[in-house]
Amino acid sequence: MSLLGSIVSKILHPFGGGDAQAKPADAPATTGGSDASTSTGTATGGSVPAGSVDVEEVLNGMATKNGQTLNWRTSIVDLMKLLDLDSSLTARKQLADELHYTGDKEDSASMNVWLHKQVIKKLEENGGKVPADLKD
């Protein structure tokens, strides 16, 4: 499973319910001649299911049970640590590759900010309910 798939699975399917596969990052935002004014769903054209998972509630619950003080709301490193995933620079570069990051991967601060925004966006695209303050 991809690193993004692991993140999505651990947050949206924390008890293993369902075969979570994150929607691919390489799906173009515009497909088949649809124009932006008619797009009301996600970047892949889907809609958020009625029983969507409250991302904030799940992550706050995990944070409460975690012995460390982790700022998952703004830090991709802390988010990955909270999910018990490898948060090393190598792992974050792998995630950046999965999400088609085109910036300088040696500028880890900029890459980390971009990664966090993209992961939050992907959680929403995959059915997660994301708080407004975490959206771009």
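FYI, the numbering just counts along the sequence from 1. Model, not experiment: these values are computed from the prediction. Heavy atoms only: backbone and side chains are in, while hydrogens, waters and symmetry mates are out.
- The line from CG of Leu99 to OG of Ser2 is 8.5 Å long, rounded to the nearest 0.5 Å.
- Closest heavy-atom contact between Ile11 and Val58: O-CG1, 3.6 Å.
- When all heavy atoms of Ser108 and Leu89 are compared, the pair lying nearest together is CB-CD1, 4.0 Å.
- Here Lys129 does not pair with Glu56 in a salt bridge; the nearest charged N to carboxylate O distance is not below 4.0 Å.
- Open room surrounds NZ on Lys117; 12 or fewer heavy atoms of other groups in view lie less than 6.0 Å from it.
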Identify all side-chain donor-acceptor contacts of residues 62-71 below 3.5 Å with residues at least two apart in sequence or on another chain.
residue : atom : partner : partner atom : Å
Thr64   : OG1  : Asn60   : O            : 2.9
Asn66   : OD1  : Gln68   : N            : 2.7
Asn71   : ND2  : Thr74   : OG1          : 2.7

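- Partners of Asp107 under the side chain to side chain contact (heavy atoms under 4.5 Å, CB included) rule, at least two apart in sequence or in another chain, are Asp104, Ala109, Ser110.
- Residue Asp86 holds its CG atom at 11.0 Å from NZ of Lys81, rounded to the nearest 0.5 Å.
- Ser52 approaches Gly127 most closely through the heavy-atom pair CB-O, 2.7 Å.
- Salt bridge present: Glu125 and Lys122 bring a charged side-chain N and a carboxylate O closer than 4.0 Å.
- Side-chain atoms of His116 come within 3.5 Å of backbone atoms of Trp72 as a donor-acceptor pair (strictly under, hydrogens ignored).
- Atom CZ of Arg92 and atom CE of Met111 lie 5.5 Å apart (nearest 0.5 Å).
- For Glu57, there are no salt bridge (Lys or Arg N to Asp or Glu O under 4.0 Å) partners at least two apart in sequence or on another chain.
- Leu134 is not listed as a side-chain neighbour of Val55, based on a closest heavy-atom distance of 4.5 Å or more.
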Next item on the list: Check the pair Val8 / Val119 against side-chain contact (heavy atoms from CB on, under 4.5 Å), numbers first and verdict last.
Entry: CA-CA 8 Å; Val8 170; Val119 166; over 6 Å; no
Note to self: The test is side-chain contact (heavy atoms from CB on, under 4.5 Å); show your working for Leu4 and Gln118 and say whether it passes.
What the structure shows: CA-CA 10 Å; Leu4 178 62; Gln118 292 302 306; over 6 Å; no
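- In the hydrophobic cluster analysis, where Ile, Leu, Val, Met, Phe, Trp and Tyr join through side-chain heavy atoms closer than 4.5 angstrom, Val113 is grouped apart from Val77.
- Between Leu79 and Leu85 there is no side-chain heavy-atom pair separated by less than 4.5 Å.
- With rounding to the nearest 0.5 Å, the separation of CG in Leu123 from CD1 in Ile7 is 7.5 Å.
- Contact detail for Lys135 and Val130: the closest heavy-atom pair is CE-O, 3.3 Å.
- Residues Asp97 and Lys105 are paired through a salt bridge, judged by an N-O separation under 4.0 Å between the basic side chain and the carboxylate.
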Next item on the list: Let me see the working for Asp84 and Lys10 under salt bridge (Lys or Arg N to Asp or Glu O under 4.0 Å), right down to the final yes or no.
Entry: CA-CA 9 Å; Asp84 199 27; Lys10 285 180 178 254; 5.3 Å; no
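- Pairing each heavy atom of Asn126 with each of Leu12, the nearest pair is O-CD1, 3.4 Å.
- The distance from atom CG of Leu115 to atom CD1 of Ile120, rounded to the nearest 0.5 Å, is 11.5 Å.
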